[in-house]
Amino acid sequence: MAKRTLVLGGARSGKSAHAEGLMPGSAEVVYVATARRHPGDAEWAERIAAHAARRPAAWRTVEAPDPSDLVRVVDQAAPGDLVLVDDLATWLTNAIDDAGAWEREPDALTTVHARTGELADAVARCTAARLVLVSAEVGLGVVPATRSGRLFRDELGALNAQLAEICDEVTLLVAGLPLQLR
C-alpha cells in the first residue's frame, strides 16, 4: 500500500469519493477539511454537509482552514495514522486570500510560495503515516479570462506537480474513472 497518495480530478470527477474509498471504512481516519465556512452561503454549507455525511462514524474531522493548520496536522501524523486531506485547491485559495496575492504582487506571492513549500516539506517528511491528498486538476481547460483565474490555475498546477514528485502514488479521476499515473 502506498504511503502518500495524490488524487487529482476536475469538478465532479469523483476524486473525493475515490480518495475516501482508499481508506478502510471502519478504521479511525483523520479527515482534514480545508474549507472555510462562509456564513450566509447556504449552497457552500450544503456542499460541506454532503461531504461530512459520507464519512464513516469512526472518522474524526479536523477543520484546517488556515494554511498553517494543514502543515501542522501532516507534521503531527504518527506512524500508522490514516490521514485524508480534502482538498488542496481550497487550501491554496485560503493561502492566496491570506497573503492578498490575487493581483500577483511579488511579496504576496513569495508568502504563498513559502506556504506551498512548507506543505510539500511536511508531505515529504510524512513517511510513516498513510496520507491521501485530494486536489483539483484545473490545467486541462481553457485559459481563464481573469488574472486571478490564471494565477490560481498556475499556482495549483505548480503545487500539484511539486506534490506528485513526492507522493508514492498519483491518480487522476476523469468522469469517475481512476487513471493511475504512478
Side-chain angles (χ1 to χ4, degrees), residues 1-99 112 115-116 118-138 152 156 159-160 162-164 166-173 176 178:
M1 178 189 314
K3 292 289 186 185
R4 295 169 295 193
T5 300
L6 177 62
V7 178
L8 302 166
R12 299 289 181 236
S13 64
K15 62 188 177 291
S16 293
H18 178 80
E20 291 164 6
L22 296 175
M23 295 294 188
S26 60
E28 292 182 17
V29 174
V30 176
Y31 183 101
V32 186
T34 63
R36 287 184 173 156
R37 297 180 183 273
H38 301 288
D41 188 338
E43 188 270 339
W44 188 244
E46 287 173 16
R47 285 176 180 258
I48 291 172
H51 271 256
R54 281 200 315 248
R55 293 178 213 141
W59 291 19
R60 180 173 58 92
T61 300
V62 174
E63 294 193 9
D66 184 284
S68 61
D69 292 342
L70 177 55
V71 172
R72 187 174 52 258
V73 170
V74 172
D75 271 338
Q76 291 175 350
D81 281 356
L82 303 170
V83 180
L84 190 154
V85 177
D86 198 1
D87 89 318
L88 297 177
T90 305
W91 177 86
L92 179 64
T93 299
N94 297 343
I96 294 171
D97 281 347
D98 291 355
V112 171
R115 289 287 192 204
T116 58
E118 290 167 0
L119 177 59
D121 290 345
V123 170
R125 287 188 297 267
C126 187
T127 58
R130 172 72 166 110
L131 177 64
V132 177
L133 306 164
V134 178
S135 189
E137 174 51 67
V138 296
F152 179 74
L156 186 58
L159 176 61
N160 287 344
Q162 191 174 15
L163 294 172
I166 299 164
C167 288
D168 307 300
E169 181 177 86
V170 180
T171 303
L172 174 66
L173 271 284

Inset, instruction - Answer yes or no: does atom CZ of Arg37 have more than 12 heavy-atom neighbours from other residues, nucleotides or ligands under 6.0 Å? - result: no
Inset, instruction - Indicate yes or no for a side-chain donor-acceptor contact from Asp87 to the backbone of Ser16 under 3.5 Å, with no hydrogens or angles considered. - result: no
Inset, instruction - Determine the sole option in Leu84, Leu22, Leu133 for which the side-chain contact (heavy atoms from CB on, under 4.5 Å) test with Val7 is passed. - result: Leu22
Legend entry - Spacing of CG belonging to Leu92 relative to CG belonging to Asp97, to within rounding of 0.5 Å: 9.5 Å
Inset, instruction - Search all heavy atoms of Leu163 against all heavy atoms of Ala120 and return the closest pair with its distance. - result: CD2-CA, 3.9 Å
Inset, instruction - Check the pair Cys167, Thr5 against side chain to side chain contact (heavy atoms under 4.5 Å, CB included), reporting the backbone distance first and the verdict last. - result: CA-CA 5 Å; Cys167 288; Thr5 300; 6.0 Å; no
Inset, instruction - Search all heavy atoms of Gly176 against all heavy atoms of Pro178 and return the closest pair with its distance. - result: O-CD, 3.7 Å
Inset, instruction - Go through Lys15 and Glu137 one step at a time and tell me if the side chain to side chain contact (heavy atoms under 4.5 Å, CB included) criterion holds. - result: CA-CA 10 Å; Lys15 62 188 177 291; Glu137 174 51 67; over 6 Å; no
Inset, instruction - Mark yes or no for whether Lys3, through its side chain, and Leu131, through its backbone, hold a donor-acceptor pair below 3.5 Å. - result: no
Inset, instruction - Using the side-chain contact (heavy atoms from CB on, under 4.5 Å) rule, pick out the option among Thr34, Thr93, Leu119 that qualifies with Leu88. - result: Leu119
Legend entry - Value rounded to 0.5 Å, distance of OH in Tyr31 from CE in Met23: 11.0 Å
Inset, instruction - State the CD1-CD distance between Ile48 and Glu43, to the nearest 0.5 angstrom. - result: 10.0 Å
Inset, instruction - Please name the pair of heavy atoms, one in Ser135 and one in Leu6, separated by the smallest distance, quoted to 0.1 Å. - result: CB-CD1, 4.2 Å
Inset, instruction - Name all residues meeting the salt bridge (charged side-chain N to carboxylate O under 4.0 Å, His left out) criterion together with Asp98; count only those two or more places apart in sequence or in a different chain, and write none if there are none. - result: Arg36
Legend entry - Closest approach of Trp44 to Ala35 (non-hydrogen atoms, all atoms of both residues): CZ2-CB, 3.7 Å
Legend entry - Thr116 OG1 to Asp121 CG distance, which is reported to the nearest 0.5 Å: 9.5 Å
Inset, instruction - If a pair satisfies side chain to side chain donor-acceptor pair (under 3.5 Å) and one of its residues is in residues 71-81, list it, with sequence neighbours excluded. - result: Asp69-Arg72, Asp75-Arg125
Inset, instruction - Output yes when a side-chain donor or acceptor of Trp91 lies under 3.5 Å from a complementary backbone atom of Pro67, and no otherwise. - result: yes
Legend entry - Separation between CG of Leu8 and NE2 of His18, rounded to the nearest 0.5 Å: 10.5 Å
Legend entry - Side-chain (Asp168) to main-chain (Arg4) donor-acceptor, under 3.5 angstrom: yes
Legend entry - Non-hydrogen atoms of Leu156 and Ala136 that approach each other most closely: CD2-O, 3.4 Å
Inset, instruction - Enter the distance from Glu28:CD to Arg60:CZ here, rounded to the nearest 0.5 Å. - result: 8.5 Å
Legend entry - Residue pair Ser26 / Ala58: nearest heavy atoms and the distance that separates them: O-CB, 3.8 Å
Legend entry - Polar side-chain atom of Asp86 near backbone of Val134 as donor-acceptor pair, under 3.5 Å: no
